[in-house]
Structure formats: C-alpha cells, structure tokens
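The basis for the numbers below is simple: all heavy atoms, side chains too, and nothing from hydrogens, waters or symmetry mates.
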Amino acid sequence: MSQFKPVHNAHAIESVLTGIQFSRALDDSDFKEVRKMAMAFKDDLPRQVEIQGMMLSFALPGAVPTPTSEGFVLQNIERDGSISSELRIEPASITYRTDTYMRWDGMWSTAKKYYNSLVPEFTNTSAIAGISLKYFDKFVWDGKVSEFQPRLLLRKDCEYLCPHIYGSDDLWHSHTGKFMRVENNIKRLINLNIDCLDERDASGEDQRAVKIATVITDSFNQPDYDATNIEPQSVENFIDEHMDKLHKFSKQTLAGIICDDMCKRIGLFE
C-alpha cells in the first residue's frame, strides 16, 4: 500500500538549528575574546572556516574589494565529507546546527554547552534580542508518483497550508508566516515552508518527498511590548527554559500540519 514514511525510522528530522541574536554587534576586541573561548570546542568541531565579507576602500583610485572576516564557523566533518554539525559565531549572533538529531535532550545538552560558554561574553555589552529554533522534517512517498496523495500526510483544512495542494497531482510549495503576541514581552514569528519535491535518494533512485521547515523566532524588547531584562546570573536558565518552550511549541505546530497517524508514528508526543 502506498504511504508516506519519515526519513528516519524513529523520527522525520533531517536537521535542527538553534540560534541566539543580540541587540548589537561585538567590537573587534570583544570578538577576539569570543574566538579564544570557542577554541575549547575544537575537539567536538575541529574544522574552522572564516565567514568572508568584502570591504571596498575608496582612498585610492582603482581600489578593489578586500576580504574581511565577519565571523567563523566550527564544523564536524564526516568521513564522506558531509558536515554533520556546526557552530556559527558572528559578532551579533550564535547558531548551532546538527544533522545527527536523535532526541531533543541529547541535542540541546550539546548546544547549550556552547551557548553557556559564549553568551555571557556577548551579554556583557549587549542584550539578547531573539531566540530561534528551526526544524527540517522530511516525509518520503513510498509508492508510485501517480498515486501520490498529500492528504495521507497533511491534516485537512490546516491553517498553514494553501488549499490547492490537496488536489494537486504535481509539485507544489506552500509558504506562510505570521507574528503572534504570545506574552506581553514576546513577539513570536512563525514561518512555515512546506514543499513537495522530486529528488533522488542515496541509491540514486527517484522519489517524491514533502519537506517541512518550521521556524519559530521569539523577539524581545520590541515596540509596544514590555521590556525583557535578564540578570547576568539568570542568562543560562533563561535560554534553557526558553528553548524548551520553543521546542514544545514547534512540536504542537507540526502536529497541526501532519495527520494523527504520522504524529503517532514519529512519537511526536511520547
């Protein structure tokens, strides 16, 4: 019987990304300190790559752009050359991404080790402006393309999906976003990109898949919102508790998109 299958046996997650944005960029001196601190992670993430920007000087005729560093990335590389996880550090943000997700507790225990070390260096001169969580889920159609039926995966009358996709027998995209006032001091952006794509699997065979990118970003100290003041000794707990809230909300959002059978299959609410 033709059906959808999650990309992994236990879950559908291809990749997950967490991020923290700050209200102002660190100056060169403070960012050098962050670089030194990040070297403690080289055993986990041995490869370092500079994030290059371009600077153009107008002081001399015929001036050409010269590369400037806008931050750096620490990566773990698999034997096949793929990047399994990376920590991206820029003057006004930190993000951690991994493609080896198993369960939230395991992933977050790794990520927060990096955040707990680096964030205080940022908050000495800046404030946390936003916290983000992004999931990439993938569901593969196991059957003939001619028998492809989105309704076997996607919940009927889902508020985040364009109605035309349910009757489509071809490829489609459904992208949407909205802001929510979840608390008097939190402005939340929900961005959902859901794509039906034809691709090739690892063995080179053609397959059809539905990919769901769920991006949840909470912004603080926004106009017409209450102020968020975080004491230095409370930063770690604040980030830990807030990421957990985003994780739970992201699960609820996905559950509103996919059908009950698939929610049970991937253990969404175990």
> I'd like to check Gln222 versus Arg181 (side-chain heavy atoms, cut-off strictly below 4.5 Å). Are they in contact?
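They are not in side-chain contact.
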> Taking the side chain as everything from C-beta on, heavy atoms only, tell me whether Tyr160 gets closer than 4.5 Å to Ile190.
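Tyr160 vs Ile190: side chains touch.
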> Begin from the C-alpha positions of Ile186 and His242 and carry the test side-chain contact (heavy atoms from CB on, under 4.5 Å) through to its verdict.
CA-CA 11 Å; Ile186 300 173; His242 207 88; 3.5 Å; yes
> Side-chain contact test, heavy atoms from C-beta onward, threshold under 4.5 Å: evaluate it for Asn193 versus Lys211 and give yes or no.
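Heavy-atom side-chain distance check fails, nothing below 4.5 Å.
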> Answer with yes or no whether the hydrophobic clustering places Phe136 together with Val16; edges join I, L, V, M, F, W, Y residues whose side-chain heavy atoms lie under 4.5 Å apart.
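No; Val16 is not reachable from Phe136 via cluster members.
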> Does atom CG of Asp206 have more than 12 heavy-atom neighbours from other groups under 6.0 Å away?
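It does: Asp206 CG has more than 12 such atoms within range.
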> Taking the six-membered ring for Trp, are Phe238 and Phe220 ring centroids under 6.0 Å apart?
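Yes, they do, as the ring centres are separated by less than 6.0 Å.
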> Treating Ile, Leu, Val, Met, Phe, Trp and Tyr as nodes and any side-chain heavy-atom pair under 4.5 angstrom as an edge, say whether Leu254 and Leu189 lie in one connected cluster.
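As far as the 4.5 Å side-chain criterion goes, Leu189 and Leu254 are not connected within one cluster.
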> What is the distance from atom CD1 of Ile216 to atom OG1 of Thr253, rounded to the nearest 0.5 Å?
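So the gap between those two atoms works out to 4.5 Å.
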> Output yes when Arg97 and Asp99 qualify as a salt bridge under the 4.0 Å nitrogen-oxygen rule, no when they do not.
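Judged by the 4.0 Å cut-off on N to carboxylate O distance, Arg97 and Asp99 do form a salt bridge.
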> Can you name the one residue among Leu161, Ile165, Ile194, Asp169 that meets side-chain contact (heavy atoms from CB on, under 4.5 Å) with Pro150?
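Running side-chain contact (heavy atoms from CB on, under 4.5 Å) over Leu161, Ile165, Ile194, Asp169 with Pro150 returns exactly one hit, Ile165.
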> Which heavy atom of Cys158 sits nearest to which heavy atom of Gly256, and what is that distance?
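Scanning both residues completely, I find the closest heavy atoms to be SG-O, 3.4 Å.
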> Pair Lys112, Met243 - check side-chain contact (heavy atoms from CB on, under 4.5 Å), show working.
CA-CA 10 Å; Lys112 74 177 180 179; Met243 279 293 186; over 6 Å; no
> Under 4.5 Å between side-chain heavy atoms, hopping through other hydrophobics if needed: is there a path connecting Leu17 to Ile89?
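Hydrophobic grouping puts Leu17 apart from Ile89.
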> Other residues, nucleotides and ligands only: do more than 12 of their heavy atoms fall within 6.0 Å of CE on Met102?
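Atom CE in Met102 is not crowded, with 12 or fewer foreign heavy atoms closer than 6.0 Å.
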> Measure across Arg103 and Ile266 and return the closest heavy-atom pair with its distance rounded to 0.1 Å.
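Taking every non-hydrogen atom into account, NH1-O, 4.2 Å.
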> So which heavy atom on Trp141 is nearest to which on Glu147, and how close?
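Answer, listing the atom of Trp141 first, then Glu147: CZ2-O, 3.0 Å.
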> Apply the test side chain to side chain donor-acceptor pair (under 3.5 Å) to residues Thr18 and Tyr115: give CA-CA distance (whole Å), side-chain angles for both, the deciding distance (0.1 Å), then the verdict.
CA-CA 10 Å; Thr18 61; Tyr115 290 123; 2.8 Å; yes
> Quick check: do Asp137 and Ile258 have side-chain heavy atoms less than 4.5 Å from each other?
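Of all side-chain heavy-atom pairs linking Ile258 with Asp137, none is under 4.5 Å.
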> Side chains of Ser219 and Tyr225: is there a donor and an acceptor less than 3.5 Å apart?
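No, no side-chain donor-acceptor contact under 3.5 Å.
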> Quick one: does Phe249's side chain get under 4.5 Å of Arg188's, heavy atoms only?
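Yes. Closest side-chain heavy atoms under 4.5 Å.
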> When rounded to the nearest 0.5 angstrom, what is the spacing between CG in Asn76 and CG in Asp43?
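Going from CG on Asn76 over to CG on Asp43, the span is 11.0 Å.
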> Would you give the length of the straight line joining atom OG of Ser126 to atom CD1 of Ile128, rounded to the nearest 0.5 angstrom?
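These two atoms lie 9.0 Å from each other.
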> Is Leu118 reachable from Ile230 through a run of I, L, V, M, F, W or Y residues, each pair having side-chain heavy atoms under 4.5 Å apart?
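Looking at the clustering, Leu118 is in the same group as Ile230.
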> Kindly compute the distance separating CE (Met180) from NZ (Lys187), expressed to the nearest 0.5 Å.
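The CE atom of Met180 sits 13.0 Å away from the NZ atom of Lys187.
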> Do Val235 and Leu246 belong together in a cluster built from hydrophobic side chains that touch within less than 4.5 Å?
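Linked within one cluster.
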> Below 4.5 Å, heavy atoms only, C-beta onward: do Ile20 and Ile239 meet side chain to side chain?
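Of all side-chain heavy-atom pairs linking Ile239 with Ile20, at least one is under 4.5 Å.
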> Not counting sequence neighbours, which residues clear ring pair (Phe, Tyr, Trp, His ring centres under 6.0 Å) with Tyr101? List them please.
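If we apply the ring pair (Phe, Tyr, Trp, His ring centres under 6.0 Å) test to Tyr101, skipping adjacent residues, the hits are His11, Tyr135.
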> Identify whether the distance between the nearest side-chain nitrogen and carboxylate oxygen of Asp244 and Lys248 falls below 4.0 Å.
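The answer is yes: the pair qualifies as a salt bridge.
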> Tell me, yes or no, whether the heavy-atom count around Lys42 atom NZ, taken from other residues, nucleotides or ligands under 6.0 Å, exceeds 12.
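Yes, because the 6.0 Å sphere around NZ of Lys42 holds more than 12 heavy atoms from other groups.
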> Is it true that the side chains of Thr217 and Ser132 contain a donor and an acceptor less than 3.5 Å apart?
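Yes, side-chain donor-acceptor contact under 3.5 Å.
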> Search all heavy atoms of Lys251 against all heavy atoms of Leu268 and return the closest pair with its distance.
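Closest pair (atom of Lys251, atom of Leu268, distance): CE-O, 2.6 Å.
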> Decide if atom CG of Asn9 counts as having more than 12 heavy atoms of other residues, nucleotides or ligands within a radius under 6.0 Å.
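No, the 6.0 Å shell around CG holds no more than 12 heavy atoms from other groups.
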> Assess Lys156 against Tyr166: is NZ or CZ under 6.0 Å from the centre of the six-membered ring, and within 45 degrees of the ring's axis?
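Because its charged atom misses either the 6.0 Å distance or the 45° angle limit, Lys156 does not stack over Tyr166.
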> Taking the ring of Tyr114 and the ring of Tyr96, is the distance between their centroids below 6.0 Å?
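Centroid separation for Tyr96 and Tyr114: below 6.0 Å.
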> What I want to find out is whether Arg88 reaches Glu86 closely enough, with some N-O distance under 4.0 Å, to be called a salt bridge.
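No, Arg88 and Glu86 are not salt-bridged.
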> Between Ile257 and Arg155, is the side-chain contact (heavy atoms from CB on, under 4.5 Å) condition met? List the steps.
CA-CA 5 Å; Ile257 297 171; Arg155 194 175 295 276; 6.0 Å; no
> So if I apply the side-chain contact (heavy atoms from CB on, under 4.5 Å) rule between Asn185 and each of Thr228, Asn221, Asp218, which one comes out positive?
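Of all the options given, the one that passes is Thr228.
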> Quick one: pull up CZ in Arg200 and CD in Gln207 and give me the separation to the nearest 0.5 Å.
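Arg200 atom CZ to Gln207 atom CD measures 11.0 Å (nearest 0.5 Å).
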> Taking the side chain as C-beta and beyond, is there a heavy-atom pair between Gln75 and Leu45 under 4.5 Å?
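Not in contact.
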> For Gly143 versus Ser2, what's the shortest heavy-atom pair and its separation?
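Taking every non-hydrogen atom into account, CA-OG, 3.6 Å.
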> Return the CG to CH2 distance between Asp170 and Trp172, rounded to the nearest 0.5 Å.
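With rounding to 0.5 Å, CG (Asp170) is 11.5 Å from CH2 (Trp172).
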> Less than 6.0 angstrom from the centroid, inside 45 degrees of the normal: does Arg265 satisfy that with respect to the ring of Phe139?
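Output no; distance or angle outside limits.
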> Which atom names give the shortest non-hydrogen contact between Thr95 and Gly19, and what distance separates them?
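For Thr95 and Gly19, the tightest heavy-atom pair comes out as CG2-CA, 3.8 Å.
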> Can Leu197 and His173 be said to form a side-chain contact (heavy atoms from CB on, under 4.5 Å), step by step?
CA-CA 9 Å; Leu197 305 167; His173 306 287; 3.9 Å; yes
> Hydrogens and angles aside, do Asp80 and Ser82 bring a side-chain donor and acceptor to less than 3.5 Å of each other?
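Side chains of Asp80 and Ser82: pair found under 3.5 Å.
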